[in-house]
Amino acid sequence: MSTLDKNEISRRRFLEGTSVALVVAAETPRANAQNEANAAVPRTTIRLIVNGKEQRVEAEDRWTLAELLRDHLMLTGTKIGCDRGECGACTVLMDGKPVYSCSQLAVWMDGRSIQTVEGLSQGDKLDPLQKSFMEHDAPQCGFCTSGQLMSAKALLARNPHPTADQVQAALTGNLCRCSNYNRYVEATMAATAASPAIAHASEDMAGERMARLKTVGHATPRIDALERVSGKATYTNDVHMPGMLYARVLRSPHPHARIRSIDVSKAAAMRGVKAVLTHENCQVVWGAGSVAGGVQYNDPIKKITKQRRYAFNNPVRFIGEPVAAVAAIDRHIAEEALLHIEVDYEVLPFVLDPEEALKPNAVQIWPEGNLSLNAQNEAKPIGVKRGNIQDGFAASDHVFEDRYTTTFVHNSQMEPRTSVAHWEGEKLTVHTPTGGIANCRHDMARDLGIPDENVRVVCQYMGGNFGNKNQNQDADLIAAMLAKQTAAPVKLELSRKEDYIGMHGRWPTIQYYKVGVSNDGTLKAIQLRGYSGMGPYRKNSGAIGGIEIYQCPNVEIAVHPVYTNKTVSGNFRGPEYPQGHFGIQSMMDDVAFKMKMDPVEFVLKNMTRKAGDQNEYTNYSLDECIYRGRAAFDWNKRWRPQPGSDSGPVKRGVGFSFLAFRSGLGRSNAVIDVNAKGDYKVHVGVTDVGAGAKTTMGMIAAEALDVPLSKVEVVWGDTDRCPYSVGESGSRTTIMTGTAVVEAARELKGKIAEKGLPKGDDTLVASAGPNPTVEGGKVRAAFGAHFVEVEVDAEVGRVRVVRYLAVHDCGRIMNPLTAVAQIKGAATMGIGMALHEELLYDPQHGQALTAGYYGHRVLTHRDAPNIEVMFIENDDGYGPFGAKSMGEASKVPAVAAMGNAIFNAIGKRMKDLPITRDKILGVMA
């Protein structure tokens, strides 16, 4: 036994590492690491109180408190979101005070009292704070909820009646990537007896147009809210299996290099190491990791893809690309083993800028060049042409040109990538954070060359999605191959930094616009030449959207998806639209200003009225969204016809933007069964990434079956128990899987009418797999308009949101409680993209400099304004009870609205995201 002086390891040195790895890795020189790795690890006996019970633990001196709680006391309600004291998901109370358990060594807890989320309730009796979180729909994906609860609990213990500002201050260290900050504050306030509940939003449900339903349309807490607020929800990293090994990945330190040789002999010889994989013994193709044209869900195209991505690649093409993976008996040994892998690299030149990458003498990342190949393996840009662009400019009275840029913004979901894989004979089971268990299952089967039925994918809870997590990931393949080689379950965990550089984020863009208008402000021609930075692999399209929301006879678009040596780009909440809408709506706002027009009037004159200027919409309410929003926001009084005209350094301004966002129909499946007691089970392949899919499916089933929601049980998140679902991406689940639920319910009701309820232990089963289409070539879209007022301090560059109103037609609102939170969260996320977020790179070394929540500047409680929400309901006859897309829509216009408001405040057009303080000070100098 030993006693560890906490002063031997400084907090700074501790946090600079990747949590538990630092204690060993930072103090183990490569030269003598072999001997030290096989030496006995010092242990210290500690006594502490955990949730009121005394615990005596023989702890390794390198364990963190989070590791002690999660892996050894099995209190998995405490989550690991960043492993570096940045996100607050691991918050627990130490002697009544909130601390990050990932930043505290277990041996420091001797004599302390620790309370975790599991200790809040007394038996079946929930803490009032937990009840309030459930009632206010505070948990979205739920991954940050435990930390939010513990910080709020500590606040109320010392201040039973806090103000909203005090709640924000107390919870600032607890991030929520779903950005449900408004609801967390409301729930904390409402938990105090003397504090009245805060109104959620201005919710106009337009009830006079649509008949009220029994279940759908009523504010309903999530069916799994109890699990989320009690710490019982099982996320992937909470999965533990007997004999489970831990895996770690060695990643490239170079943005571009060829591996001459790799020696794993020393690592493989270490005590406790069970397997080592490299490109030499693992040549598995990761089909979803790079696909011609970025076309996912298409096996024929993946089969012909030339620029393939493997689980391990040679050459490596970005810093963070996997080079080797180790499986060992614990995570510490796996981390130590990485130190013993010797790699000889031939360092190659690299390129980071998309425009530079297309120059004649640029570094060639692929033999075919740096312009990504399309679905036919052709090096061509994404193109759209309508009318004659030159004739359009010739007919224009005014022609304007400008350039806008957006940056790489990471998805930054709260749950870091983790995968747990194990084999039972020829059957592979993978626990992984995926929004599409069916798609992930098929991807795994295809990549590993085994039948789909030999793969089971499980994801009961997912700590945020936000895009391109509807497929399998390289971590899933690596974990599966290690599990196959070792004949044991393997858990592969990524650190937060690894997630930032090894996963993906929104592609950065460079946008060159040329716009022609007549003297009355009517659009005559729009031309876009764009460049999207895809990283070295094409995981998705790289398109730049936004022009389609304008009515214009002459359009020409050429977008070049370009390979660079940065982190791979992929989908992120509204894939090509937030960045594209920022560019085109900033451009149009500027055109309106130069034409001396109110930007709202300019949009009303030029906004889309037919999709692509050709196809009718199934219904059209964009004009109503704008008119209703303009009146409620009092736009005419707030808008400054002369931008920047306020006297003094603190200036106010308003901005406006709008959207028409896809809301298509498509294939999905559902199975419903009923027993003799009239209890229904709805089997759907959803995960619920935060948008409330499980609850929505249950509500739709209850409505369609004409039974109370309490009679419906939803079965989800397991390919062995659930049918195919489109997956939770593209805002499709409610529309597509919800339609399947309605169809299955209709069939089951018919069977019950014919046969009656089953007898004894029998069940009656109905299934549906519809693939509906919209008739007459019409296009289905959700509409919306955002209005924002900002205050800019021109002397320090600070931007503060004074008021934000989001008006949306998302069809019939299934669950107002969750719907409002979705709109609020997406808009808040858009504000962060506009003002803060960017993965910066060192141009000399190709290294990501801001990988992590703090460096990336993800919004906190302090940054999140209150978002007002107004719904305009319409039923176009499609989707379940008229529902349309919602989860992504609110982010699409938010970035542009912020940019336009800042222009109206300071009179200077900000053309490059993010709009940081230094940029504002630069244009104001």
Side-chain angles (χ1 to χ4, degrees), residues 18 81-84 86-87 175 177 179 251-256 316-321 350-357 365 404-414 416-417 464 466-469 473 494-510 531-540 542 561-576 578-579 582 829-860 863 891 895 912-919:
T18 57
C82 69
D83 57 58
R84 57 203 304 176
E86 290 183 352
C87 77
L175 301 182
R177 188 52 166 169
S179 303
R251 298 180 180 274
S252 170
H254 304 292
H256 198 194
V316 288
R317 299 179 175 93
F318 66 98
I319 289 179
E321 183 154 20
F350 64 91
V351 61
L352 301 179
D353 180 83
E355 288 184 293
E356 291 293 323
I365 298 173
Y404 292 85
T405 69
T406 65
T407 60
F408 184 100
V409 179
H410 201 275
N411 293 36
S412 305
Q413 76 292 331
M414 291 299 297
R417 176 57 43 185
F466 309 126
N468 257 151
K469 298 184 184 69
Q473 303 297 331
L494 269 62
S495 69
R496 176 53 58 184
K497 182 175 181 179
E498 285 182 291
D499 195 279
Y500 259 81
I501 63 176
M503 285 294 292
H504 61 261
R506 186 182 305 282
W507 48 86
T509 67
I510 303 167
Y531 302 89
S532 297
M534 305 309 295
Y537 303 101
R538 193 167 180 184
K539 208 171 185 183
N540 222 281
V562 184
Y563 290 129
T564 68
N565 294 112
K566 287 186 176 181
T567 290
V568 178
S569 296
N571 284 351
F572 180 14
R573 205 168 193 171
E576 66 264 39
Q579 62 270 51
F582 167 73
M829 200 181 258
I831 294 170
M833 178 177 169
L835 298 181
H836 297 293
E837 297 183 39
E838 179 178 11
L839 189 62
L840 287 166
Y841 276 80
D842 177 353
Q844 290 188 326
H845 303 100
Q847 173 74 49
L849 300 175
T850 54
Y853 288 124
Y854 184 79
H856 197 255
R857 298 200 63 206
V858 171
L859 259 64
T860 72
D863 302 310
K891 185 170 183 178
V895 188
D912 304 298
L913 293 182
I915 306 172
T916 51
R917 293 187 181 195
D918 60 308
K919 292 177 183 176

Sidechain N-carboxylate O distance under 4.0 Å for E86, R496: no
Between CD on residue Q579 and CD1 on residue I510, distance to nearest 0.5 Å: 13.0 Å
Heavy-atom closest contact (G81 atom, P416 atom, distance): O-CG, 3.6 Å
Qualifying residues under side-chain contact (heavy atoms from CB on, under 4.5 Å), relative to K469, sequence neighbours excluded: N411, Q413, R417, M462, N465, Q473, M503, H504
Nearest-0.5 Å distance that lies between atom NE2 in H856 and atom CD in E838: 8.0 Å
Taking every non-hydrogen atom, the tightest pair across L849 and Y841: CD1-C, 3.9 Å
Residue list, side-chain contact (heavy atoms from CB on, under 4.5 Å) with D863, at least two apart or on another chain: H836, L859, T860
Shortest non-hydrogen separation from P536 to I365 and the atoms involved: CB-CG2, 4.1 Å
N/O donor-acceptor pair under 3.5 Å between N468 side chain and N571 backbone: yes
For P561, all residues meeting side-chain contact (heavy atoms from CB on, under 4.5 Å), sequence neighbours excluded: L371, S372, I382, M534, R538
Audit row: Y537, E321, side chain to side chain contact (heavy atoms under 4.5 Å, CB included) steps and yes/no: CA-CA 11 Å; Y537 303 101; E321 183 154 20; 2.6 Å; yes
L839 side, atom CG; R506 side, atom CZ - distance, nearest 0.5 Å: 14.0 Å
With P255, the side-chain contact (heavy atoms from CB on, under 4.5 Å) member among I319, T564, V316: I319
S532 versus P354, closest heavy-atom pair with distance: C-CG, 4.4 Å
Any Y531 side-chain heavy atom under 4.5 Å of P508 side chain: no
Exercise: identify the closest heavy-atom pair between Y853 and M414: OH-CA, 3.3 Å
Under 3.5 Å: donor-acceptor pair, side chain of T405, backbone of D912: no
G502 versus F318, closest heavy-atom pair with distance: CA-CE1, 4.5 Å
Gap separating the CD atom of E576 from the OG1 atom of T509, nearest 0.5 angstrom: 11.5 Å
H410 side chain vs D499 backbone, donor-acceptor pair below 3.5 Å: yes
Working for side chain to side chain contact (heavy atoms under 4.5 Å, CB included), residues R251 and L494: CA-CA 11 Å; R251 298 180 180 274; L494 269 62; 3.6 Å; yes
Sidechain N-carboxylate O distance under 4.0 Å for R177, E837: yes
K919 side chain to L913 backbone, donor-acceptor under 3.5 Å: yes
Gap separating the OH atom of Y854 from the CZ atom of R84, nearest 0.5 angstrom: 12.0 Å
Side-chain (N565) to main-chain (V351) donor-acceptor, under 3.5 angstrom: yes
Side chain to side chain, M829 and F466, heavy atoms closer than 4.5 Å: yes
From CD (Q844) to CZ (F350), nearest 0.5 Å: 8.5 Å
